[in-house]
Structures are given as C-alpha cells and as structure tokens.
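Heads up, the thing below is written out as structure tokens.
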Amino acid sequence: MTFIMLILTFAAMYYCMYLGKQGKTFKIRTLPAIQAIPEAVGRAAEMGQPVMWTPGIAGGLNDSTQGPQTLAAISILEYVTEECVKAGVKIAALCPLPDALPLVEETMRTAYTAQGKPEEFDDEFIRFFSGQSAYMTGTLGYLQRERPASTILVGGFYYESVIIAEGGNTIGAMQIGGTNNIHQMPFLAATCDYMLLAEELYAAGAAISGNPDALGSIKGEDMIKLLLVAITGVGFLLGAAGITFIADLLGM
Amino acid sequence: MSQLIRREAVFAITGIVTVLMFVEYFFFPQDWIVASTIRNWAVIILNISLGLGAVRLIMQHVIGTQRRRENWQFSLLFLVAFVIMLFTGLAGYLSTGVATSNSIYNWLFNHVYTSLGATTYAITGFYIFSAAYRAFRARNVDASLMLIAGCFVILSNAPVGEVIWSGIPVIGEWFRFVGQVPGMRVFGVVGALGTIAYGFRALLGKEKGFYAGGAEE
C-alpha cells in the first residue's frame with residue numbers, strides 16, 4: 001500500500017508539473033512569511049544593521065527526516081541573500097551543521113554572483129558553531145553584539161529554537177521562523193512575527209522560484225492531501241458502521 | 001565549482017542513490033549490501049565534513065586574532081582550548097588507543113564542557129517562560145482561547161490544580177490528548193507529504209537549495 005501511495009503521489013506531482021510546463025498556471029496560496037522577507041531586508045537596510053539566517057541544529061544532511069528541512073532552508077537563504085545584495089545589507093549565516101557548510105557557502109556565493117557583485121562576498125559571512133550549546137550561546141552573543149534588524153530562523157530546530165528566537169525578541173528583531181519539527185512549532189509560533197509551518201517550509205523554495213512546473217508539484221501534493229482526507233473520512237464512517245475494509249487496507 | 005559538477009553530477013548521483021534506496025526499502029526485507037555501503041559512505045563523508053567545520057573555525061579565529069578584531073581575546077581563548085583538547089585527546093589515543101583515557105581530557109570534558117552545556121540547557125526554562133508570557137496575552141479571541149487552554153494544562157500538571165477543582169486535571173488531559181494530538185498529526189502527515197514533494201523536485205532538478213543555487217530555472 002505504501003508503495004502504491006508513493007507512486008500515486010509521484011504520478012500526481014509529475015502530472016501537475018507537466019501541466020505547468022505546458023503553460024497551465026496554478027494558483028498557490030500566498031505564504032505571508034515569504035512575502036515578509038523583502039520587508040525584513042528593507043528594515044535592515046533602513047536601520048543599517050545585518051540580517052541573520054540560521055537553519056537550526058537538527059537538520060544534519062545525513063538525517064532523512066531532518067536533512068530536507070536544512071535543504072529547504074538553504075533555498076530560502078538564496079532568496080534572502082539576493083534581497084540583501086540588492087539592498088546593500090550585510091547577511092550573516094550562522095550554521096551549526098558542518099555538512100551543510102559547503103552548500104551554504106556556494107549558495108551565498110551564487111546569489112552574490114547572480115546579482116553581479118561576486119567581489120562583495122566574504123566567507124566570513126558564514127559562521128560555524130560546533131555543538132548545540134556552542135550554537136545557542138554563540139548565536140545569543142551574535143544577537144547582542146551585532147543586533148541584527150531581522151532574523152530568519154528556518155530549518156530543523158531542536159530546543160535551541162526558543163532560546164534563539166527569544167534572544168531575537170529581546171533585541172527587537174523582526175523574526176521569520178519555519179520548521180517541520182512539530183515539537184518546536186509552538187516555540188517559533190510564539191516568538192516569531194511570521195511562520196512557515198510544516199510543508200510550507202518545503203513549498204517556500206518552489207513558491208519563491210515561481211517556476212510553473214515546481215508550483216505544479218505543490219498542486220499535485222494538494223491533490224494527494226485531498227485524497228488522504230477523503231480516505232480518512234470514508235474510513236471513519238465505514239469504521240463507525242463496523243466495516244474495517246479501509247483500516248485493513250492501510251494495515252491499521 | 002563548475003556548472004557540470006554543481007548540477008549534472010549531483011543530479012546523476014541523486015538519481016542513482018534514490019533508486020537504490022527505493023529498491024532496498026520496498027524489495028529487500030533486510031539490509032541490502034549495496035544500499036548499506038552507500039549509507040556508510042554518507043556517514044564517512046559527514047565525519048570528514050566535521051573536519052571541514054573545524055578548519056573553518058580555526059581559520060576564522062586565527063585571522064581574528066592576527067588582525068586584532070573586536071573581542072579577539074575570545075578567539076585566542078578558543079584556539080588555546082582547541083589545541084589543549086586536541087593534544088590531550090591525541091595523547092590518550094596514542095598511549096591506550098582510547099581518546100577518553102587521558103585524565104586531563106576527561107576532566108575538561110566532564111567538568112567544563114558538560115557543565116557548561118547543562119547550564120545552557122537549564123536556562124531554557126526561563127526562555128520558555130518569557131515566550132509563553134508573550135504568547136498567552138489575551139490580545140484577541142484566538143489568543144484568549146489559547147490562554148484558557150494553557151491555564152488548564154498548566155494547572156493539570158501542578159498538584160494545586162486538583163486541589164482547586166477535581167475537574168481541572170480531566171480537562172487539562174483532554175486538551176493534551178484529544179485537542180492537541182489530531183492537530184499535531186495533521187502537521188506530521190502534511191510535513192511528510194512536503195518532504196516527498198521536496199525530494200521529488202530535487203530529483204528532477206527543480207530545487208535551488210539542493211543544487212546550491214544551480215537548479216534548473
């Protein structure tokens with residue numbers, strides 16, 4: 001059943017991506033957190049202070065559940081960096097994940113190059129912290145010393161989310177958060193001005209690119225969501241009537 | 001990094017590894033040697049990247065110390081600590097084959113690093129408290145409902161809750177297990193779908209983050 005559902009999901013996404021390629025436009029719900037990024041960068045430009053981006057420590061790329069969050073956060077980093085380069089704002093990427101460092105560096109370098117200012121990129125913009133405690137205290141120290149105008153906290157977070165986000169609140173930074181870690185969502189929701197919840201984090205890259213076939217994959221995902229809701233609803237009603245066909249099919 | 005390596009090579013490796021992992025997951029009841037070897041490679045690469053991180057740290061702090069940047073004393077402190085930990089660990093490893101056999105290394109790890117880590121962990125409670133204070137202000141109907149639910153959950157976890165009214169723990173438990181769990185499961189399901197969609201886009205070369213900005217436009 002899992003295999004069939006996965007193939008069905010891929011087929012729905014591929015079909016919608018194909019439609020996107022053929023020129024069909026998909027209306028995707030706007031993500032306020034993504035729309036707020038230019039505002040966050042603009043705020044930093046007005047205040048003459050930097051923007052901080054950090055992906056959390058949970059998302060080691062070797063981790064199948066956490067790693068994709070870091071990759072999605074790097075997609076957002078590229079957009080943030082491009083906006084910062086356009087506005088002449090300094091960006092600091094505080095990365096506690098050694099395996100993500102080359103990707104972070106290359107993404108930022110590419111963003112500077114794409115904006116025609118490769119000479120302005122300095123790898124000192126990227127700071128590495130080894131270990132969770134060092135990451136938290138280092139980031140809090142950075143927040144107090146540099147006082148960034150805006151912080152972008154997107155990726156796989158553990159309990160450092162509340163400490164870093166509260167540190168950002170203390171200095172009055174505008175905060176955009178996002179994670180797929182259920183246990184950390186309440187912390188970011190309580191401390192950030194804008195929030196990317198669960199799949200929104202993954203959809204952000206596609207939404208930023210505006211690429212019609214990438215947006216098609218989100219449409220395909222929505223179709224599968226509808227299917228799952230229908231299966232759940234029908235399964236619930238049949239189960240109440242004593243028919244366990246769907247529950248048996250799903251191996252419940 | 002050339003465009004060829006950044007996109008085509010990553011694209012090809014991703015495709016091959018994905019197919020191998022799929023085949024193992026769905027068609028091999030136990031570990032398949034090909035797939036498990038690739039996973040071992042991933043672990044090795046990850047550990048090499050730790051060295052990369054260490055080199056970056058050393059470079060930044062050496063430059064910071066040389067140029068007498070602001071707070072350069074902390075950079076110097078870091079370098080001294082790094083050298084001490086490295087050499088005490090190596091000394092233990094060379095003498096007995098186990099890095100943790102060196103008493104200085106152990107003392108520094110257990111009485112400095114671990115203590116500082118535990119202290120950092122302990123202050124989380126205060127941050128949660130101030131975050132909760134901000135979230136629990138009754139600014140509108142939604143926040144007020146959350147405040148009421150939060151009060152029941154807090155009181156149900158405190159012995160005094162049951163003394164005030166025996167129904168408080170019941171309502172608090174209801175919020176925790178009936179009110180909260182379905183919502184969290186929804187996030188779990190859509191998050192998993194989002195991961196699949198992200199992986200699919202990455203596989204087809206549509207995700208910029210995956211290709212360090214070099215994805216197909």
Side-chain angles (χ1 to χ4, degrees), chain A residues 3 6 9-10 13 17 60-62 65 68 71-78 98-99 101-103 106-107 110-111 114 124 127-128 130-133 136-137 159 162-163 165-166 169 180 182 185 187 189-191 197-199 201-203 205-206 209 211 213-214 217-218 220-221 224-225 228, chain B residues 1 6 22 26 39 42-43 45-46 49-54 56-57 59-60 63 70-71 113 116-121 123-124 126-128 130-132 134-136 184 186-202 204 206-210 212-217:
Chain A
F3 186 68
L6 196 62
T9 308
F10 283 169
M13 285 175 194
M17 288 170 90
L61 298 184
N62 198 29
T65 54
L71 293 168
I74 291 171
S75 294
I76 296 169
L77 171 67
E78 187 184 23
D99 50 344
L101 278 174
L103 264 179
E106 198 57 30
T107 300
T110 304
E124 293 257 317
R127 299 183 189 195
F128 171 66
S130 171
Q132 194 177 29
S133 296
M136 287 187 299
T137 48
Y159 80 92
V162 67
I163 292 185
E166 268 301 289
N169 258 315
N180 187 32
I182 295 167
M185 284 178 192
F187 294 137
T191 49
L197 283 167
E199 45 136 13
L201 176 65
Y202 300 113
S209 75
N211 189 331
D213 48 344
S217 71
I218 299 175
E221 191 188 330
I224 295 299
K225 258 188 253 169
L228 289 178
Chain B
M1 193 190 289
R6 185 188 295 176
F22 261 55
F26 287 110
R39 280 199 296 275
V43 173
I45 293 167
L46 180 76
S49 74
L50 272 174
L52 192 74
R56 172 178 284 276
L57 264 178
M59 295 280 284
Q60 281 186 347
I63 292 167
E70 196 181 355
N71 298 320
Y113 180 79
L116 288 173
T119 308
T120 315
Y121 185 73
I123 61 169
T124 313
F126 298 102
Y127 283 98
I128 291 174
S130 65
R134 191 174 302 103
F136 283 162
M184 288 302 189
V186 167
F187 283 125
V189 172
V190 296
L193 270 175
T195 311
I196 293 171
Y198 182 91
F200 193 60
R201 283 195 296 274
L204 297 179
K206 307 288 180 192
E207 271 297 337
K208 283 187 156 190
F210 194 82
E216 186 185 318
E217 291 295 333

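We name chains A, B, ... by the order of the sequence lines, and we start the count at 1 in each one.
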Got a second to check how far [X]'s [atom1] is from [Y]'s [atom2], nearest 0.5 Å?
X        : Y        : atom1 : atom2 : answer
B:Ile123 : A:Ser133 : CD1   : OG    : 9.0 Å
B:Phe126 : A:Glu166 : CZ    : CD    : 13.5 Å
A:Ile163 : B:Thr120 : CD1   : OG1   : 7.5 Å
B:Thr195 : A:Leu201 : OG1   : CG    : 9.0 Å
B:Tyr198 : A:Glu221 : OH    : CD    : 13.5 Å

Self-check item: A:Ile182, part contacting chain B, at a heavy-atom distance under 4.5 Å
Solution: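 Both the backbone and the side chain of A:Ile182 come within 4.5 Å of chain B.
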Self-check item: Under 3.5 Å donor-acceptor, B:Arg56 side chain and A:Pro98 backbone
Solution: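 Absent.
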Nearest heavy atoms of [X] and [Y], plus distance in Å:
X        : Y        : result
B:Gly191 : A:Asn180 : CA-OD1, 3.4 Å
A:Leu228 : B:Val189 : CD1-CG1, 3.9 Å
B:Leu57  : A:Phe128 : CD2-O, 3.3 Å
A:Met13  : B:Leu193 : CE-O, 4.4 Å
B:Gly194 : A:Glu199 : CA-CB, 3.9 Å
A:Met17  : B:Arg201 : CE-CG, 4.4 Å

Practice problem: Sort B:Phe187 into side chain, backbone, both or neither according to what part of it lies under 4.5 angstrom from a heavy atom of chain A. | Solution: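 For B:Phe187, the contact with chain A is made by backbone and side chain together.
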Quiz prompt | Under 4.5 Å from any heavy atom of chain A - which part of B:Ala118 | solution =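 The answer is neither part of B:Ala118.
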Practice problem: Show your reasoning for whether ring-ring contact (aromatic ring centres under 6.0 Å, His included) applies to B:Tyr127 and A:Phe187. | Solution: CA-CA 10 Å; B:Tyr127 283 98; A:Phe187 294 137; over 10 Å; no
Any idea which of [options] has the most non-hydrogen atom pairs under 4.5 angstrom with chain B?
options                                : value
A:Gly220, A:Ala203, A:Ala72            : A:Ala72
A:Ala111, A:Gly131, A:Ala206, A:Gly205 : A:Ala206
A:Thr65, A:Ile76, A:Leu77, A:Asn169    : A:Asn169
A:Arg127, A:Lys225, A:Met185, A:Glu124 : A:Glu124

Quiz item: Do A:Leu6 and B:Phe22 have side-chain heavy atoms sitting under 4.5 Å apart?
Solution: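 A:Leu6 reaches B:Phe22 side chain to side chain.
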Quiz item: When heavy-atom pairs shorter than 4.5 Å are enumerated against chain A, which of B:Ala132, B:Gly53, B:Ser49 gives the highest number?
Solution: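 The answer is B:Ser49.
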Quiz item: Of all of B:Ala131, B:Gly117, B:Ala192, which one pairs up most often with chain A through heavy atoms under 4.5 Å apart?
Solution: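 With the most close heavy-atom pairs to chain A, the winner is B:Ala131.
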Quiz item: Just wondering, are more than 12 heavy atoms of other shown residues or ligands nearer than 6.0 Å to CE in B:Met184?
Solution: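 More than 12 within 6.0 Å, yes.
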Quiz item: In terms of ring plane angle, is the pair A:Tyr159 and B:Tyr121 parallel, tilted or perpendicular, where the classes change at 30° and 60°?
Solution: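 Correct class here is perpendicular.
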